[in-house]
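Everything on this sheet refers to the single structure shown next.
Sequence lines set the chain letters: A, B, ... in the order given, protein chains first and strands last, and positions in each chain run from 1.
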There are 2 protein chains.
Amino acid sequence: MTPRLPPMAADETRWLDAAQQANWRAFIVGSTLLMDVLDRELRQAHGVSMAEYEILVRLSETPDRTLRMAQIAESMQHSRSRVTHTVSRMEKAGLISRCAASEDKRGVEAKMTDAGWDLLVAAAHTHVAGVRAHFVDIADPEDYEAMGRVMNAVSDRLVAENPTFDDIRGR
Amino acid sequence: MTPRLPPMAADETRWLDAAQQANWRAFIVGSTLLMDVLDRELRQAHGVSMAEYEILVRLSETPDRTLRMAQIAESMQHSRSRVTHTVSRMEKAGLISRCAASEDKRGVEAKMTDAGWDLLVAAAHTHVAGVRAHFVDIADPEDYEAMGRVMNAVSDRLVAENPTFDDIRGR
DNA sequence: ATCTCAGAGTTGAAAATTCAACTAATTGAC
DNA sequence: GTCAATTAGTTGAATTTTCAACTCTGAGAT
């Protein structure tokens, strides 16, 4: 019926062609460079890392500027341990306050302080300018959207494949 | 002559629109997830990190499986310090040997050992399968190429903007 | 020749992240 | 009700990365 498929053992490697390889390398190097420069800009101008900044953004999007630790971890796809450490530092710096969750006694709610809000407002300018200058504005708009589709597909796939990522990644 | 442009102070922030923002977040979360899973796969199957694996790949591409430390750093856009540390660990693990560069007495040449080669051969299967499964094969081919264009543009821009990245990033 | 400056690489301490083990609270099965 | 399994979060040590300071060599000017 259908033409015979080229023989390929299950364990045989399907290598990337030259273009696929080049684009994969562009992804690694480009994202290294990009994350690096954005992190540096935030640190120099406002003394926060990108991870810390992103946590502030997540908090700012809720009505009461509060999130459970696990929600932060999940939305950023960071390990719970990492979030604990990062939030601890931010609490020490006065950007976040932590208190026990009302309903679930196991839970902890992280709430952005006024100082955290002020920092976010200031840092947002720096960050958005950087994201534009180094990423959004230098890409063809259609290409940028294509990139978004690809990265969404990556997340969807990996998250779906691993219903309980926690076990695998210590989250 | 030309219609007056909408007024915008130099320091006013041009925010991202909803779609741009969503795609930016997809990039951050997706690349976190992707790098994470690939790193984990390599570690579990072969006991090397992605950074170490990438160094082996770079070395394998030269005729004599040798590169100067600075060349490794530049091609991966890692700091020189980071490369020193990583190569030191790999040397301890017997994957790389270091010796003084012949021409330039300041230089150091990193050479992949046979053990390093064997590891690379084995790990390449794992890695390529992962890159396909989690990235290349799940993306529309045109979107994947668009992503490559974007990330190449990012690198080109950042590298060009900073002739001596060394100063800025301690390389 | 010498002097300064730039380049290559290393070092060790500080900061961030991962890893494995842990406590405490909730859920669900019986 | 009770006990096992799950979920939330933390902890501290190990690993990795960054940061700043440092040595040593090479290059260019005078």
Side-chain angles (χ1 to χ4, degrees), chain A residues 32-33 35-40 42-44 47-55 67-74 76-93 96 98-110 163-171, chain B residues 32-33 35-44 47-55 67-93 96 98-110 163-171:
Chain A
T32 298
L33 226 29
M35 293 311 199
D36 237 56
V37 71
L38 292 174
D39 195 68
R40 202 171 308 275
L42 276 179
R43 277 180 200 280
Q44 289 185 344
V48 280
S49 68
M50 248 195 79
E52 292 165 344
Y53 174 82
E54 286 289 325
I55 290 179
L67 279 174
R68 288 283 295 271
M69 300 297 281
Q71 295 181 293
I72 296 174
E74 201 205 319
M76 307 217 306
Q77 290 296 320
H78 282 182
S79 70
R80 292 188 178 192
S81 173
R82 180 173 177 180
V83 172
T84 293
H85 286 303
T86 307
V87 168
S88 296
R89 274 176 255 131
M90 295 175 79
E91 190 176 29
K92 205 167 297 173
I96 284 182
R98 265 192 293 204
C99 60
S102 30
E103 346 76 59
D104 188 336
K105 280 176 198 161
R106 294 169 301 181
V108 170
E109 286 176 350
T164 38
F165 238 136
D166 301 28
D167 303 340
I168 300 167
R169 309 180 66 206
R171 304 196 167 205
Chain B
T32 298
L33 227 27
M35 294 311 199
D36 237 56
V37 71
L38 293 174
D39 195 68
R40 201 169 309 274
E41 287 173 349
L42 277 178
R43 278 180 200 279
Q44 290 185 344
V48 280
S49 68
M50 249 196 78
E52 291 165 344
Y53 174 81
E54 286 289 325
I55 290 178
L67 280 174
R68 288 283 295 270
M69 300 296 281
Q71 295 180 292
I72 297 175
E74 201 205 318
S75 79
M76 308 217 308
Q77 291 296 320
H78 283 183
S79 70
R80 292 186 180 201
S81 173
R82 180 174 177 180
V83 172
T84 294
H85 287 301
T86 307
V87 168
S88 296
R89 275 176 254 134
M90 294 175 79
E91 189 176 30
K92 206 165 296 173
I96 285 182
R98 267 191 292 204
C99 61
S102 32
E103 346 76 63
D104 188 338
K105 281 176 197 161
R106 293 169 300 180
V108 170
E109 286 176 349
T164 38
F165 237 138
D166 301 28
D167 304 339
I168 300 168
R169 311 180 63 205
R171 303 192 169 211

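Position along DNA chain D of the nearest nucleotide to A:Thr84 versus A:Asp39 favours A:Thr84 as the more 5'-ward residue.
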Nucleotide N/O to protein N/O under 3.5 Å, stretch nucleotides 22-25 of chain D:
residue : atom : partner  : partner atom : Å
D:dT25  : O2   : B:Arg106 : NH1          : 3.4

Under-3.5 Å N/O pairs linking protein and nucleotides 1-3 of chain C:
none

Listing time: all N or O pairs from protein to nucleotides 12-17 of chain C that are below 3.5 Å?
residue : atom : partner : partner atom : Å
C:dG12  : O6   : B:His85 : NE2          : 3.1
C:dT17  : OP1  : A:Arg82 : NH2          : 2.6

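We find that CE of B:Met90 is positioned 12 Å from P of D:dT16, with the value rounded to whole Å. Summarising the geometry, the separation between CE on A:Met76 and P on C:dT18 is reported as 11 Å, rounded to the nearest angstrom. Taking atom CD1 of residue B:Ile55 and atom P of nucleotide D:dT16, one finds them 12 Å apart after rounding to whole Å. Atom pair A:Leu33:CG and D:dT17:P shows a separation of 16 Å (rounding to whole Å applied). Atoms CE (A:Met50) and C1' (D:dT17) sit 17 Å apart, rounded to a whole Å. With rounding to whole Å, A:Leu38 atom CG is found 14 Å from D:dT18 atom P. Spacing between atom CD of B:Gln44 and atom C1' of C:dT18 amounts to 13 Å, rounded to whole angstrom units. To the nearest angstrom, C1' of D:dT7 lies 14 Å from CD of A:Glu103.
Within the 4.5 Å cutoff, the side chain of B:Thr84 has heavy atoms near those of the B:Ser88 side chain. Between A:Thr32 and B:Met76, the closest side-chain pair of non-hydrogen atoms is not below 4.5 Å. In this structure, the side chains of A:Val87 and A:Glu52 stay at 4.5 Å or more apart for every pair of heavy atoms. Proximity of B:Met90 to B:Ile55: side-chain heavy atoms (C-beta onward) are separated by under 4.5 Å at one or more points.
Rounding to the nearest 0.5 Å gives a distance of 9.0 Å between CE of B:Met35 and CE of A:Met35. To the nearest 0.5 Å, atom CZ of residue A:Arg68 and atom CG of residue A:Asp104 are 5.0 Å apart. Atoms NE2 and CZ, from B:His85 and B:Arg82 in turn, are 11.0 Å apart once rounded to the nearest 0.5 Å.
Listed by chain and residue number, B:Val37, B:Leu38, B:Thr126, B:His134 satisfy the side chain to side chain contact (heavy atoms under 4.5 Å, CB included) test with B:Glu41 (two or more places apart in sequence, or in another chain). With sequence neighbours excluded, the residues forming a salt bridge (charged side-chain N to carboxylate O under 4.0 Å, His left out) with B:Glu54 are B:Arg58, listed by chain and number.
Judged by distance alone, the side chain of B:Asp39 and the main-chain N or O of B:Ser49 form no donor-acceptor pair under 3.5 Å.
The nearest pair of heavy atoms linking A:Ile96 to A:Ala110 is CG2-CB, 4.0 Å.
Residue B:Arg40 places no side-chain N or O under 4.0 Å from the OP1 or OP2 atom of C:dT18.
Between its two ends, the helix from C:dA1-D:dT30 to C:dC30-D:dG1 turns its axis by 20°, counting five pairs per end and rounding to 10 degrees.
Of the options B:Arg98, B:Glu109, B:Arg80, B:Glu74, a side-chain contact (heavy atoms from CB on, under 4.5 Å) to B:Met69 is made by B:Arg98 and by none of the others.
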